[in-house]
There are 2 protein chains.
Amino acid sequence: MTEIDREGPVPPYRQIAAILRDRIATGEIPPGRRIPSLVELEAEFAVARDTLRKAVQVLKDEGLVETVTGMGIYVRTPDGT
Amino acid sequence: MTEIDREGPVPPYRQIAAILRDRIATGEIPPGRRIPSLVELEAEFAVARDTLRKAVQVLKDEGLVETVTGMGIYVRTPDGT
DNA sequence: ATCCATTTGTGCGTATGTATC
DNA sequence: AGATACATACGCACAAATGGA
């Protein structure tokens, strides 16, 4: 369980986005691989789906990940995919 | 078609769980027997599969039923199975 | 061995309502 | 009023297991 600071000024969805962004940057989650499902992330961060959706949306807007309906959310590779 | 109250405070998935729990308790659906499939329940209660999934999850947590992929949802017997 | 229909399992996308700050 | 968060519900797509033709 990863702790989220609910007191500070940074909303949970931004904190989670930052954490996932870091995991991608460090290669902990390499390109082409799927990131944990919303259900798993829900358990890890103890937040609602809605919050996770927003966090993922941030990464999608940054072009770091892309979602595939019925499959999951994948880390984008430098080139295609 | 069994009616579900969508006005009250009790969410549909809890109402459905209660209905199925009652059918099991009264013996209407005896131990070892299969419960109607999700498709059939979908028709009976006019709700989405996601809602039924949650209702079934409640009964699974209570140890009343168990699911078998490709087969169905079965009422557990006091002893095994 | 193959194919297909059935059934549950697992994902995400979207929408609505409520509550809090 | 607006942003954030949570719970619930519905829809759609794909995967895996089972059983029968």
Side-chain angles (χ1 to χ4, degrees), chain A residues 1-21 23-24 29 32-76 81, chain B residues 1-21 23-24 29 32-76 81:
Chain A
M1 241 280 292
T2 305
E3 285 304 325
I4 294 296
D5 177 19
R6 292 166 184 281
E7 310 304 320
V10 182
Y13 83 93
R14 285 185 191 281
Q15 292 181 49
I16 294 172
I19 292 172
L20 294 179
R21 189 186 301 113
R23 288 179 186 172
I24 292 173
I29 306 178
R33 194 145 79 179
R34 194 171 73 78
I35 71 174
S37 72
L38 294 185
V39 174
E40 293 173 310
L41 293 175
E42 208 171 3
E44 175 176 4
F45 297 108
V47 296
R49 284 265 184 93
D50 184 70
T51 305
L52 295 172
R53 271 195 295 103
K54 284 174 186 164
V56 169
Q57 185 59 52
V58 170
L59 301 181
K60 280 207 288 190
D61 290 344
E62 295 173 354
L64 287 178
V65 303
E66 66 177 331
T67 60
V68 180
T69 304
M71 293 295 285
I73 304 170
Y74 297 85
V75 179
R76 298 188 73 169
T81 311
Chain B
M1 242 280 292
T2 305
E3 285 304 327
I4 295 295
D5 176 19
R6 291 167 183 279
E7 310 304 320
V10 182
Y13 84 93
R14 286 184 192 282
Q15 292 181 50
I16 294 172
I19 291 172
L20 294 178
R21 188 186 302 113
R23 289 180 185 172
I24 293 172
I29 306 179
R33 192 144 79 175
R34 196 172 73 81
I35 279 181
S37 72
L38 295 184
V39 174
E40 293 173 309
L41 293 175
E42 209 170 1
E44 175 178 2
F45 296 108
V47 297
R49 275 185 51 176
D50 182 72
T51 305
L52 295 172
R53 200 184 117 264
K54 284 173 185 162
V56 170
Q57 185 59 51
V58 171
L59 301 181
K60 278 207 289 191
D61 291 343
E62 295 173 354
L64 287 177
V65 303
E66 67 178 328
T67 59
V68 182
T69 305
M71 292 292 285
I73 306 167
Y74 297 85
V75 179
R76 298 188 74 168
T81 312

(request) For the pair B:Arg49 and B:Glu42, find out whether any cationic side-chain nitrogen is under 4.0 Å from an anionic carboxylate oxygen. (result)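 Result for this pair is no, no salt bridge flagged.
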For the pair made of [atom1] in [X] and [atom2] in [N], what is the distance, rounded to whole Å?
| X | N | atom1 | atom2 | value |
| --- | --- | --- | --- | --- |
| A:Tyr13 | D:dA3 | OH | P | 10 Å |
| A:Arg49 | D:dT8 | CZ | C1' | 11 Å |
| A:Leu41 | C:dT10 | CG | C1' | 14 Å |
| B:Glu66 | C:dT7 | CD | P | 18 Å |
| B:Asp50 | D:dG11 | CG | P | 10 Å |
| B:Glu40 | C:dT7 | CD | P | 6 Å |
| A:Ile73 | C:dT10 | CD1 | C1' | 13 Å |
| B:Leu38 | C:dT6 | CG | C1' | 11 Å |

(request) For each nucleotide in nucleotides 16-21 of chain D, reading 5' to 3', give B when a protein heavy atom comes within less than 4.0 Å of its base, S when such contact involves only the sugar-phosphate, and - otherwise. (result) BBSS--
(message) For DNA chain C, which residues of residues 51-59 of chain B approach it to below 4.0 angstrom with any heavy atom?
(response)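 B:Arg53, in order of number.
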(message) Can you see if the side chain of A:Lys60 gets near the phosphate of C:dC12 - specifically, an N or O under 4.0 Å from OP1 or OP2?
(response)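 Negative; the distance criterion is not met.
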(message) Would you say B:Thr67 places a side-chain N or O within less than 4.0 Å of OP1 or OP2 belonging to C:dT7?
(response)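 So the side-chain polar atoms of B:Thr67 never come under 4.0 Å of the phosphate oxygens OP1 or OP2 of C:dT7.
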(request) Taking only the side-chain heavy atoms of A:Arg14 (C-beta and beyond), determine which of C:dT8, D:dT4, D:dC6 contains the nearest atom. (result)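 Per side-chain heavy atoms of A:Arg14, the pick is D:dT4.
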(request) State which of C:dT7, D:dT4, D:dC10 makes the closest approach to the side chain of B:Val47. (result)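 My answer, after comparing the listed nucleotides, is D:dC10.
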(message) I need the minimum non-hydrogen distance between A:Gly32 and A:Tyr74, along with the two atoms involved.
(response)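 Looks like O-CD2, 3.6 Å.
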(message) Using 0.5 Å steps for rounding, measure from the CG atom of A:Leu38 to the CD1 atom of A:Ile73.
(response)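 Interatomic distance, A:Leu38 CG to A:Ile73 CD1, rounded to 0.5 Å: 5.0 Å.
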